Amino acid sequence: MPTTAPPDTRQSDLVRAARRESVTRTPVWFMRQAGRSLPEYRAVREGIPMLESCMRPDLVTEITLQPVRRHGVDAAIFFSDIVVPLKAIGVDLDIVPGVGPVVAHPIRTAADLDQLVPLTPEHVPFITEAVGLLVRELGDVPLIGFAGAPFTLASYLVEGGPSKNHEKTKALMHGDPELWDALCARLAQISGEFLRVQAQAGASAVQLFDSWAGALSKADYAARAMPHSSVALAAVADLDVPRIHFGVGTGELLGLMGEAGAEVVGVDYRVSLTDAVDRLGPTYAVQGNLDPALLFAPWDALERRVREIVEEGRHAPGHIFNLGHGVLPTVDPDVLTRVTALVHECSSRP
Ligand code: CP3
């Protein structure tokens with residue numbers, strides 16, 4: 001049992017920016033900041049499969065802390081994966097290196113839904129334990145918990161693995177909308193409860209990853225994905241944690257992603273922060289949106305782009321600096337450290 005109460009992260013720049021309050025400087029973190037770009041990550045993961053590492057609180061704690069120590073970012077993102085809650089309820093799946101999640105028995109019929117029982121905290125004691133350890137280690141640095149959104153999880157479950165075109169997923173969505181909604185309703189409970197477990201254990205904010213939502217038209221997103229994401233986000237509405245809602249290629253969906261029940265909307269690099277704020281209005285903070293590939297550009301070009309994004313963000317109701325998608329494994333981690341320092345320096349409020 002903890003002997004001291006966890007420190008208050010409510011006044012951190014990350015939580016304040018998410019709540020559209022004033023900040024001392026623009027908070028910054030990077031999606032996939034923990035992972036293969038760091039030699040210290042590759043060292044501790046040596047010989048340990050991805051899913052096993054997600055279920056060991058000692059490893060989760062160490063890996064989550066690594067980028068905070070190294071880069072001085074304003075938040076830690078909990079080290080786990082969107083398929084961890086599915087594994088925890090007994091879905092037969094694995095994360096294959098260089099491929100991603102692969103599912104042994106893809107979901108195609110009503111009978112296949114039996115694999116998806118409701119998630120309870122008893123399925124994921126290792127998450128509660130790891131979050132508790134982390135919150136004590138992190139002090140006043142906030143921890144961001146996360147889950148996959150129903151549509152993105154459904155894509156892995158229906159396709160059986162990663163997919164470029166989501167053809168089986170869309171065939172099910174349109175061919176059998178009732179089964180689709182039944183599948184996504186189960187996933188919404190699982191995602192929502194996974195967020196709730198992390199928030200109740202001490203995470204200061206949560207992010208719902210709907211990475212593949214950009215594959216949907218606005219009409220299909222509104223009818224068949226958004227209602228389920230709303231249920232997942234509503235699961236933590238009564239807890240004092242800002243909710244970040246992220247997708248890739250979702251320029252057309254930004255307004256709906258806010259309306260689904262988020263305080264912060266993630267913006268990828270295809271839409272400028274200025275345009276995103278025009279589309280979203282004053283009700284939401286934004287997160288983003290450096291192109292991850294620009295981390296490979298000469299420093300002058302990268303610096304110019306970082307300064308532009310910080311400047312655009314100053315006109316947003318609230319801004320959390322991030323990439324438009326995850327850190328690529330081949331990036332030089334020193335560049336991330338340098339970008340973090342630059343964002344802090346050029347956004348510092350007198
Ligand atoms: O952001 C972080 O630092 C926190 C950790 C995190 C991971 N996965 C660790 C991970 C988070 C937030 C995720 C979310 C996730 N997982 C998403 C949504 C975000 C996104 O990138 O769009 C998705 C779609 C997945 C599914 C998944 N898991 C993929 C596509 C892969 C990559 C496969 C590969 O090897 O290229 C994984 C595995 C995975 N998840 C790794 C990490 C660090 C790589 C595993 C390794 O190091 O071997």
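Here the structure is a predicted model, which is why all the values come from computation and not from measurement. Counting starts at 1 for both ligands and their atoms, following the listed order. Because only heavy atoms are used, hydrogens play no part in the values below, and waters and symmetry mates are left out as well, while side chains stay in. Position 1 is the first residue of the sequence; numbering continues from there.
Close approach of ligand 1 to Phe79 (heavy-atom distance below 4.0 Å) involves ligand atoms 43 (C). Residue contact check: His325 has heavy atoms under 4.0 Å from atoms 20 (C), 21 (O), 22 (O) of ligand 1.
At under 3.5 Å, not a single nitrogen or oxygen of Ile77, backbone or side chain, sits near a nitrogen or oxygen of ligand 1. Taking only nitrogen or oxygen atoms, main chain and side chain alike, Tyr156 does not reach within less than 3.5 Å of ligand 1. Residue Thr152 has no nitrogen or oxygen atom sitting less than 3.5 Å from a nitrogen or oxygen atom of ligand 1, judged on distance alone. Backbone and side-chain nitrogen or oxygen atoms of Phe30 are examined, and none is located within less than 3.5 angstrom of a nitrogen or oxygen of ligand 1. At least one N or O atom of Arg32, backbone or side chain, sits closer than 3.5 Å to an N or O atom of ligand 1.
Salt-bridge formation is not detected for the pair Arg69/Glu137: no Lys NZ or Arg NE/NH1/NH2 atom is positioned less than 4.0 Å from an Asp or Glu carboxylate oxygen.
Checking Ser211, Ala149, Cys54, Pro97 against atom 22 (O) of ligand 1, the nearest heavy atom belongs to Ser211.
Between Phe194 and Phe78, the ring center distance fails the sub-6.0 Å criterion.
Evaluation of the salt bridge (Lys or Arg N to Asp or Glu O under 4.0 Å) rule for Arg338 yields no partner, not counting sequence neighbours.
Ring geometry, Phe30 versus His71: the interplanar angle exceeds 60°, so the pair is classed perpendicular (tilted spans 30 to 60°).
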